[in-house]
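All figures in this text were calculated on a predicted structure; none of them were measured in a lab. Starting from 1, each residue takes its place in the sequence as its number.
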Amino acid sequence: MQYRNLGRSGLSVSEIALGSWLTFGSSVDREGTRELVHRAYDLGINLFDSADVYANGQGEEALGYALQGIPRPYVVIASKCFFPMSEYPNDRGLSRKHVVESVEGSLRRLGTDYIDLLQCHRADPHTPIEETVRAFEDLIRQGKLLYWGVSEWRAAQVVDACRIADARNAYRPVSNQPQYNLLRRGIEREVLPICQREGLGQIVFSPLAQGALTGKYSGGKRPEGSRAADPQRNAFMDAFLTDAELARIDRLKPLADELGLSMAQLALAWCLRQPGVSSVIVGVTRRSQLEDDAKASGRRLPPEVVEAIDELFPL
């Protein structure tokens with residue numbers, strides 16, 4: 001496993017991170033979660049990503065349980081807040097009240113005294129960015145958080161947060177968590193360059209397009225036990241599983257075979273080719289998936305392969 005600094009911070013994170021969305025606290029039971037987390041740690045993965053809203057808090061609880069027995073300084077725990085946790089009007093968003101209360105809940109569920117990285121799960125149009133920046137500043141000074149970041153923010157919103165933090169001599173965000181994969185390259189136009197300029201590292205989610213880029217759905221198949229075959233987990237997948245997209249994805253296999261890579265490893269290595277990307281998050285339900293994904297770390301794609309991929313999946 002290789003490591004990169006998270007943006008311009010001094011925090012080292014593994015190139016491959018283990019995520020919790022749609023797995024921990026839901027499709028994977030607690031003992032299965034513990035097995036995956038400990039195997040990830042053995043493989044050198046140190047970044048574990050969750051969010052308060054995953055399985056309505058059960059994702060964090062499962063991750064906290066699974067991390068027991070691993071020395072706390074050896075892992076980087078990342079979580080997020082923004083989405084509603086109940087029907088109450090203040091139990092959502094990025095107001096000082098919700099951010100502070102969300103952090104307290106996450107600390108309790110994760111069973112830890114501090115969270116390494118807390119990210120704003122989305123931007124909040126109803127709360128001034130100044131209020132959010134000050135809330136994170138206070139939580140960092142209290143020792144409950146070490147770093148903060150954003151997720152799926154527009155480039156202009158990232159700039160605003162950085163400028164407000166600078167004006168108040170406050171801690172800047174160090175990360176952005178965007179969707180990024182061969183089928184979704186939008187951040188390359190504006191978000192990625194701005195984040196590199198401002199010192200935010202990308203912690204990419206859905207680098208495998210929710211499994212579509214692994215090749216398992218070739219020919220429109222939806223194997224039993226796969227995410228696409230599970231109506232509770234496939235709600236966001238249809239756009240990746242059209243005949244046209246699957247035909248393009250199938251053309252990646254000869255490139256992967258030539259390099260001795262699985263299709264998943266090729267897709268992850270493609271994301272990691274970007275110097276602005278600090279880590280890619282994988283969501284797995286089996287050890288074999290995790291072990292295959294982890295082998296993408298350190299793989300550098302030849303320029304001619306990157307060029308061939310760009311022709312198949314242009315920006």
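A distance of 11.5 Å separates CG in L36 from CG in L63, rounded to the nearest 0.5 Å. The distance from the CZ atom of R122 to the CG atom of L94 is 11.0 Å, given to the nearest 0.5 Å. Note: R184 CZ to I187 CD1 = 13.0 Å, rounded to the nearest 0.5 Å. To the nearest 0.5 Å, the span separating CG on L182 from CD on E245 amounts to 10.0 Å. Once rounded to the nearest 0.5 Å, the distance linking OG1 of T23 with CD of Q289 reads 10.0 Å. We find the OG-NZ distance between S102 and K97 to be 12.0 Å, quoted to the nearest 0.5 Å.
R189 has its side chain within reach of L315: a pair of non-hydrogen atoms, C-beta onward, lies under 4.5 Å apart. Within the 4.5 Å cutoff, side-chain heavy atoms of L301 are placed close to those of L259. Residues C195 and E198 fail the side-chain proximity criterion, which asks for heavy atoms closer than 4.5 Å. At least one side-chain heavy atom of M85 sits under 4.5 Å from a side-chain heavy atom of V53. In this structure, I70 and L67 have side chains that are in contact, with non-hydrogen atoms separated by less than 4.5 Å. A 4.5 Å side-chain heavy-atom check between C81 and L118 finds at least one atom pair inside the cut-off. Residues N176 and V191 have side chains in contact (heavy-atom distance under 4.5 Å, counting atoms from C-beta outward). Within the 4.5 Å cutoff, no side-chain heavy atoms of T33 are placed close to those of D29.
We find that E291 and R39 are joined by a salt bridge, their nearest charged nitrogen and carboxylate oxygen being less than 4.0 Å apart. Electrostatic pairing of E60 and R108 does not count as a salt bridge here, judged by no charged N lying under 4.0 Å from a carboxylate O. In this structure, K80 does not pair ionically with D52, as no charged nitrogen and carboxylate oxygen lie closer than 4.0 Å. Looking at R154 and E190, no side-chain N of the basic residue comes within less than 4.0 Å of a carboxylate O on the acidic one, giving no salt bridge.
Proximity of a side-chain donor or acceptor of S279 to a complementary backbone N or O of S14 within less than 3.5 Å is detected. Looking at H38, its side chain does come within 3.5 Å of a backbone N or O of A66 through a donor-acceptor pair. Distance alone, capped at 3.5 Å, is enough to place a donor-acceptor pair between the Y3 side chain and the G44 backbone. In this structure a side-chain-to-backbone donor-acceptor pair under 3.5 Å is present from R273 to W270. Q210 places no side-chain N or O within donor-acceptor distance of the main-chain N or O of S206, the cut-off being under 3.5 Å. With hydrogens and angles ignored, the 3.5 Å screen pairs a side-chain donor or acceptor of R92 with a backbone N or O of S86. Distance alone, capped at 3.5 Å, places no donor-acceptor pair between the D310 side chain and the P314 backbone. Remark: side-chain polar atoms of R168 are not paired, donor with acceptor, to backbone N or O of V133 under 3.5 angstrom. Without hydrogens or angle criteria, S175 side chain to L200 main chain gives no donor-acceptor distance under 3.5 Å. Remark: side-chain polar atoms of Q274 are not paired, donor with acceptor, to backbone N or O of C271 under 3.5 angstrom.
Checked against L18 for a side chain to side chain contact (heavy atoms under 4.5 Å, CB included), the options L47, D49, V284 give a single hit: V284. Screening V174, V76, L6, I140 against Y147 for a side chain to side chain contact (heavy atoms under 4.5 Å, CB included) leaves a single residue, V174. Checked options E101, E137, E104; the residue passing with K144 is E104 (criterion: salt bridge (Lys or Arg N to Asp or Glu O under 4.0 Å)).
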Q) Going through the distances and angles, do N46 and Y74 end up as a side chain to side chain contact (heavy atoms under 4.5 Å, CB included)? A) CA-CA 7 Å; N46 74 345; Y74 298 170; over 6 Å; no
Q: Test side chain to side chain contact (heavy atoms under 4.5 Å, CB included) on L146 and L117 and set out the steps.
A: CA-CA 6 Å; L146 302 187; L117 174 69; over 6 Å; no
Q. Going through the distances and angles, do E15 and K295 end up as a salt bridge (Lys or Arg N to Asp or Glu O under 4.0 Å)?
A. CA-CA 10 Å; E15 289 187 337; K295 292 175 183 176; over 6 Å; no
Q.
Let's go through L110 and I115 carefully: what are the C-alpha distance in whole Å and the side-chain angles of both, what is the deciding distance for side chain to side chain contact (heavy atoms under 4.5 Å, CB included) to 0.1 Å, and is it a yes or a no?
A. CA-CA 9 Å; L110 289 163; I115 297 170; 4.2 Å; yes
Q. Given the rule in the side-chain hydrogen bond (donor to acceptor under 3.5 Å, both in side chains) test, do Q177 and S151 qualify, once you have shown the distances and angles that lead to the verdict?
A. CA-CA 4 Å; Q177 188 166 315; S151 177; 4.9 Å; no
Q. For Q202 and S278, what are the C-alpha separation, side-chain angles and deciding distance, and is it a side-chain hydrogen bond (donor to acceptor under 3.5 Å, both in side chains)?
A. CA-CA 5 Å; Q202 309 300 300; S278 299; over 6 Å; no
Q. Yes or no on side chain to side chain contact (heavy atoms under 4.5 Å, CB included) for L268 and D293, after CA distance, side-chain angles and deciding distance?
A. CA-CA 8 Å; L268 296 173; D293 291 346; 3.8 Å; yes
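Under the 30°/60° scheme for interplanar angles, the aromatic rings of F136 and W148 are found to lie parallel. The aromatic rings of F83 and H121 stand perpendicular to each other, their planes meeting at an angle above 60°, with 30° marking the opposite boundary.
A continuous path of Ile, Leu, Val, Met, Phe, Trp and Tyr side chains, each step under 4.5 Å between heavy atoms, connects I77 with Y41, placing both in one hydrophobic cluster. A single hydrophobic cluster is seen to contain both L183 and V282, as judged by linkage of ILVMFWY side chains at heavy-atom distances under 4.5 Å, directly or through other members.
A pairwise comparison of heavy atoms in Y171 and A165 identifies O-CB, 3.7 Å as the closest pair. Contact detail for F82 and A123: the closest heavy-atom pair is CE1-O, 3.5 Å. Between V28 and G32, the closest heavy-atom pair is CG1-C, 3.6 Å. Heavy atoms only, all atoms of each residue included: I203 and P178 are closest at O-CD, 3.6 Å. Shortest non-hydrogen contact noted between E152 and Q179 is OE1-N, 3.2 Å. Taking both residues in full, the closest heavy atoms of L43 and A294 are given as CD1-CB, 4.0 Å, listed atom of the first, atom of the second, then distance.
Judged by the 6.0 Å and 45° rule, R251 forms no cation-pi pair with F313. Geometrically, R30 engages Y65 in a cation-pi contact, judged by NZ or CZ lying under 6.0 Å from the ring centre and within 45° of the ring axis.
Within 6.0 Å of CD in E304 there are more than 12 heavy atoms belonging to other residues, nucleotides or ligands. Under a cut-off of 6.0 angstrom, the local environment of CZ in R72 is crowded, with over 12 non-hydrogen atoms contributed by other residues, nucleotides or ligands.
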